[in-house]
Each structure stands twice: as C-alpha cells, then as structure tokens.
Amino acid sequence: MNIKNGDSEIEDTMTMAKLVANIISIVQKNYGIVLDEESFNYSRFISHLRYFIIRRLKKTQETDTQLDPALLAMMITRYPQAYQVVQQITAFLKLEMDWTLQSDEEVYLLLHIWRVTQHQQTE
C-alpha cells in the first residue's frame, strides 16, 4: 500500500467532512432550523454534496451538464431565500477552497437546499 496515497485519501475525507459540516451550518443558520438527519431529503442533500466535493477534489468536471441559464434565473426568482444561501455557500467555497461554482452546480444546490428545508418547515 502506498502510504502517501492513504494520507491523501484521509486528507480528502477530512476536507469533505469539514466542508459538508460548514455547508449544513450555513443552511441551518439561514433558515433557523435544525435539519432532520433522518429524512430522505437530507440524505439526498448530503449525497449531492459528497459527490460534488469528490468531483472537485479529484478535479473532474462534467462538461456536458451545462443547463439553460434561464433555468437558474427562474429558480432565483422562485426561491430567493435558497439562492441567497447558495450565494453564501459559493462565497465560503471560494474562500476555503478557491472553487467557483458553475451555474448548473448552483441550480442543483439550490434545488437540494429548497427541498431539504421546505419539507422540514412544513412538517
């Protein structure tokens, strides 16, 4: 086993855990709620975040997933609070990791945030 590779995987896992925890914290603070970790939407949200972070850490970008910019514009109008949270997460990721989110990543993140908080607020 390559020790250096093992260290890199541990470092990536720790980075992912820290980023996910901070993103969850940003969402919870903005909505003034504690997310239900047992909910299906929470699991989907965490899976999305992990997949996104792994892609970024491995530096693999999906170039064929470009969405219609009008979709993001519609989502911003429809879900302004979720978009405001996406902007805070974007700023956090830029500061912490020097990552810039693409519009399709913002749309997916916005949808997951809306879904995980909407169902929480109505229960």
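Along the sequence shown, the residues carry numbers beginning at 1. Owing to the predicted nature of the structure, the values given are computational and were not obtained by experimental measurement.
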Correct closest heavy-atom pair for Leu35 and Gln28 would be N-OE1, 2.8 Å

Can you confirm whether Ile24 sits close enough to Ile46 that some side-chain heavy atom of one is under 4.5 Å from a side-chain heavy atom of the other?
yes

Check the pair Ile76, Glu106 against side-chain contact (heavy atoms from CB on, under 4.5 Å), reporting the backbone distance first and the verdict last.
CA-CA 10 Å; Ile76 291 168; Glu106 288 184 342; 5.9 Å; no

So, using ring-ring contact (aromatic ring centres under 6.0 Å, His included) as the criterion, who are the partners of Phe52 when residues are at least two apart?
Trp99

Got a second to check how far Met75's CE is from Trp114's CH2, nearest 0.5 Å?
8.0 Å

Those residues that, when tested against Ser47, pass side chain to side chain contact (heavy atoms under 4.5 Å, CB included) (two or more places apart):
none

List in chain and number order the residues that pass side chain to side chain contact (heavy atoms under 4.5 Å, CB included) with His48, two or more places apart in sequence or in another chain; answer none if no residue qualifies.
Tyr108, Leu109, His112

Does the Thr13 side chain pair with the main chain of Glu9, one donor and one acceptor, at a distance under 3.5 Å?
yes

I need the Leu110 CG to Leu101 CG distance, nearest 0.5 Å.
11.5 Å

Worked verdict on Arg55 versus Glu105 for side-chain contact (heavy atoms from CB on, under 4.5 Å):
CA-CA 12 Å; Arg55 266 195 352 259; Glu105 293 170 324; 3.2 Å; yes

For Lys94, check side chain to side chain contact (heavy atoms under 4.5 Å, CB included) against everything at least two apart and list the hits.
Asp98, Thr100

For a quick test of your reading: what N or O donor-acceptor pairs under 3.5 Å do the side chains of residues 82-91 make, sequence neighbours left out?
{"unit_1": "Tyr83", "atom_1": "OH", "unit_2": "Gln87", "atom_2": "OE1", "d": "2.9"}
{"unit_1": "Gln88", "atom_1": "OE1", "unit_2": "Asn30", "atom_2": "ND2", "d": "2.8"}
{"unit_1": "Gln88", "atom_1": "NE2", "unit_2": "Asn30", "atom_2": "OD1", "d": "3.1"}
{"unit_1": "Thr90", "atom_1": "OG1", "unit_2": "Val86", "atom_2": "O", "d": "2.8"}

CG-CG distance between Leu49 and Asn22, expressed to the nearest 0.5 angstrom:
11.5 Å

Drop me the distance from Glu38's CD to Ser43's OG, to the nearest 0.5 angstrom.
8.0 Å

For residues 18-35, which residue pairs qualify under salt bridge (Lys or Arg N to Asp or Glu O under 4.0 Å), counting only residues two or more places apart or in two chains?
Lys18-Glu96

Asp68 meets the salt bridge (charged side-chain N to carboxylate O under 4.0 Å, His left out) criterion, sequence neighbours left out, with none

To the nearest 0.5 Å, what is the distance between CD1 on Ile113 and CD on Gln81?
10.0 Å

To the closest 0.5 Å, what do you measure between CZ (Arg115) and CG (Leu111)?
6.0 Å

Are Phe40 and Phe45 joined in one hydrophobic group, where the rule is that I, L, V, M, F, W and Y side chains link up if heavy atoms are under 4.5 Å apart?
no

Looking at every heavy atom in both Leu57 and Met97, which two are closest together, and how far apart are they?
CD2-CE, 4.0 Å

